[in-house]
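Take a look at the structure set out below.
Protein chains get the first letters and strands the later ones, always in sequence-line order, with residue 1 at the start of each.
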Amino acid sequence: MLTAIRGFKDILPQNSLLWAVIEDFARLTFRSFGFQEIRTPILEKTEVFTRGIGEHTDIVEKEMYTFTDRNGDSLSLRPEATAGILRAVLEHNLHKEAGQIRVFTLGPMFRHERPQKGRLRQFHQIDMEILGPASPLADFEVIWMAWSIVNGIYEKTAQGSERPDLRLEINSLGCPSCKPHHREDLLIFLENRREQLCPDCQRRSLSNPLRVFDCKLEQCKNALKGAPLLRNYICPDCVEHLKLVQDALHAVNIPFVINPLLVRGLDYYSRTTFELISNELGAQGTVAAGGRYDGLAEQMGGPHLPGVGMAIGCERLLLLAEQWAEQQPVYATDIFVAAMGDKAMQTALPWIKELRKNGVSVLMPYESKGLKALLKAADRHNATFALILGESELQGRKAVLKDLHSHTQTEIAFESLLPELLDILKIAKRTSNNAWKP
RNA sequence: GUGGGUGUAGCUCAACGGUUAGAGUGUCGGGUUGUGGCCCCGAAGGCUGUGGGUUCGAAUCCCAUCACUCACCCCA
């Protein structure tokens, strides 16, 4: 049997509505924050990522789907969104048009990792970037967005009033005037204790030295005692920057903790960095993460263009929503047309056309079945009403409308069928508490 | 890339090395010729992931392989 690629998952109809809920809500929230959608290609020249993300990151070194196309160019499936967006902005000179660029995008990303809970090879991100402003308020607004979307989904899905189990951690990675001093000292420190570190950390101390602080082994924790800490190197400007972010977060009542050890895996980050972490996700607890990357545009061959952004992991947010929600949203139908025989089906077609024009979801199976089977099918499609149309109805020129929730039914004359149906549906929609209905 | 767990009906799961591999649920049909959910009856549905081995006999034990899954690593 043919199967999907490892780590690539089908989103089936039973799940797709929850995806739509999340995507719709994200789009709505972005609109309210004044963001515009941008859609960049899934495939880019490999150089976009090697220059953007950094050649010595794990993502670029061993996780990218890279291949040579028929022209001999090296192409890669995007492992994240920011580099591609930066490329598009610079290519189209968007930064010269507007003083500030506020964009978001939704879509699949690709990394060749070993799949586990909350981690797939094709996964989806909700991503946003603010380009132009160096203000800490931009950092704050990015965090605010991540917070708003994740918490908004909680409010939308969970009925309870208690807070979701989410932790916002922030930190500053320093800027080009202070970050390098720390890195230098840390490298020397690590070099001197090389033998005391675990093999992983020996490797890390070269590739991403800040990561050694994440190691859980006692051996490494001991070896790191007295190591130069980033917070002691941060320059006054960076301290002030982080403070303004904190003040803004306080102003809108977003709780957070400072985690001086919080780092990012991608090279382009500087100054503010943050993660939104859940305890309900297993080992991959980060739902959203991001930070500032003032040097990225230059690194990609563009002008100096400060930027800050974040990404939400859709699958992870979906896992949370599934845990929060008492029930999954299901597809529902307003009217299921239970027409028996060809004549009845033909008669119903013009009505169906008008109803659909009016935004009513109408379904009519083409199979000739008994009424019993048709009503069963109506149930399966979560229909609110069944419109019964058979021999006797055609003869009497009256259709039977059955309310499938209250089990009552009424006869409606063909002549007044449409206006009456629309009327009844309007009332039914108003009293319906099915928030998930599309 | 490394390690652990699990692979049996569409789905969720049973079955001591021993008859024809079962149950719940779902599907289809009937009870009720045109009235759904509840009830009753019936039917279909399986190369027990795949390949090898041990054994008189393997879903069951062993080996390999693949898939799924969780964790390490890394990250959203």
(request) Could you measure between the two C1' atoms, the one in B:U48 and the one in B:A14, and give it in whole Å? (result) 13 Å
(request) Starting from P on B:U35, measure out to CE on A:Met340 and report it in whole angstrom. (result) 10 Å
(message) Taking B:G57 as the reference, what is the distance to B:U69 when you measure between their P atoms (whole Å, please)?
(response) 37 Å
(message) Under 4.0 Å, heavy atoms only, any strand: does A:Gln409 hit a base, just the sugar-phosphate, or nothing?
(response) base
(request) Consider the side chain of A:Thr286, meaning its heavy atoms from C-beta on, and name the nucleotide among B:C74, B:G36, B:A76 that approaches it most closely. (result) B:A76
(request) Determine whether any donor atom in the side chain of A:Lys372 lies under 3.5 Å from an acceptor atom in the base of B:U35, or the reverse, and answer yes or no. (result) no
(request) Measure from CD on A:Glu393 to C1' on B:G34 and round the result to the nearest Å. (result) 8 Å
(message) In this structure, is the centre-to-centre distance between the rings of A:Phe30 and A:Phe104 below 6.0 Å?
(response) yes
(message) Quick check for you: among B:C75, B:G36, B:C28, whose closest atom lies nearest to any side-chain atom of A:Leu375?
(response) B:G36
(message) Between B:C72 and B:C28, how far apart are the two P atoms, rounded to whole Å?
(response) 44 Å
(request) Would you kindly give the CG-to-P distance between A:Leu12 and B:G10, to the nearest whole Å? (result) 16 Å
(message) Measuring only the P atom in each nucleotide, how far is B:U50 from B:C66? A whole number of Å is fine.
(response) 16 Å
(message) Output the rounded distance in Å from CG (A:Leu371) to C1' (B:U35).
(response) 5 Å
(message) Ignoring hydrogens, what is the shortest heavy-atom contact between A:Pro133 and A:Pro306? Give both atom names and the distance.
(response) O-CB, 3.7 Å
(message) Take N1-N3 plus N6-O4 or O6-N4 for Watson-Crick, N1-O2 plus O6-N3 for G-U, both under 3.5 Å. Which runs of 3 or more such pairs involve RNA chain B?
(response) B:1-7 with B:66-72, B:10-13 with B:22-25, B:27-31 with B:39-43, B:49-53 with B:61-65
(message) Please classify the nucleic acid contact of A:Glu391 as base, sugar-phosphate, or nothing, using heavy-atom distances under 4.0 Å.
(response) base
(request) Determine the Euclidean distance between corresponding C1' atoms of B:G26 and B:U12; express it in Å to zero decimal places. (result) 11 Å
(request) Would you mind classifying the nucleic acid contact of A:Leu317 as base, sugar-phosphate or nothing, using non-hydrogen atoms under 4.0 angstrom? (result) nothing
So which protein N/O to nucleotides 65-73 of chain B N/O distances come out below 3.5 Å?
from  : atom 1 : to       : atom 2 : distance (Å)
B:C68 : OP2    : A:Arg6   : NH1    : 2.7
B:C70 : OP2    : A:Lys117 : N      : 2.9
B:A71 : OP1    : A:Ala283 : N      : 2.9
B:A71 : OP2    : A:Gln116 : NE2    : 3.2
B:C72 : N4     : A:Arg119 : NH2    : 3.2
B:C73 : O3'    : A:Arg204 : NH1    : 3.4
B:C73 : N3     : A:Arg119 : NH1    : 2.8
B:C73 : N4     : A:Gln116 : OE1    : 3.1
B:C73 : N4     : A:Arg119 : NH1    : 2.8
B:C73 : N4     : A:Gln284 : NE2    : 3.1

(request) For B:U25 versus B:C41, give the span between their P atoms, rounded off to a whole number of Å. (result) 12 Å
Short N/O separations, protein against nucleotides 45-47 of chain B, under 3.5 angstrom:
none

(request) Determine the Euclidean distance between corresponding P atoms of B:C16 and B:G7; express it in Å to zero decimal places. (result) 13 Å
(message) Could you tell me if A:Tyr293 and A:Glu129 have a donor-acceptor pair between their side chains, going purely by distance under 3.5 Å?
(response) yes
(message) Would you measure the distance from the C1' atom in B:G45 across to the matching atom in B:G22 and give it in whole Å?
(response) 14 Å
(message) Under a 3.5 Å threshold, yes or no: a donor from one side chain and an acceptor from the other, between A:Gln116 and A:Arg114?
(response) no
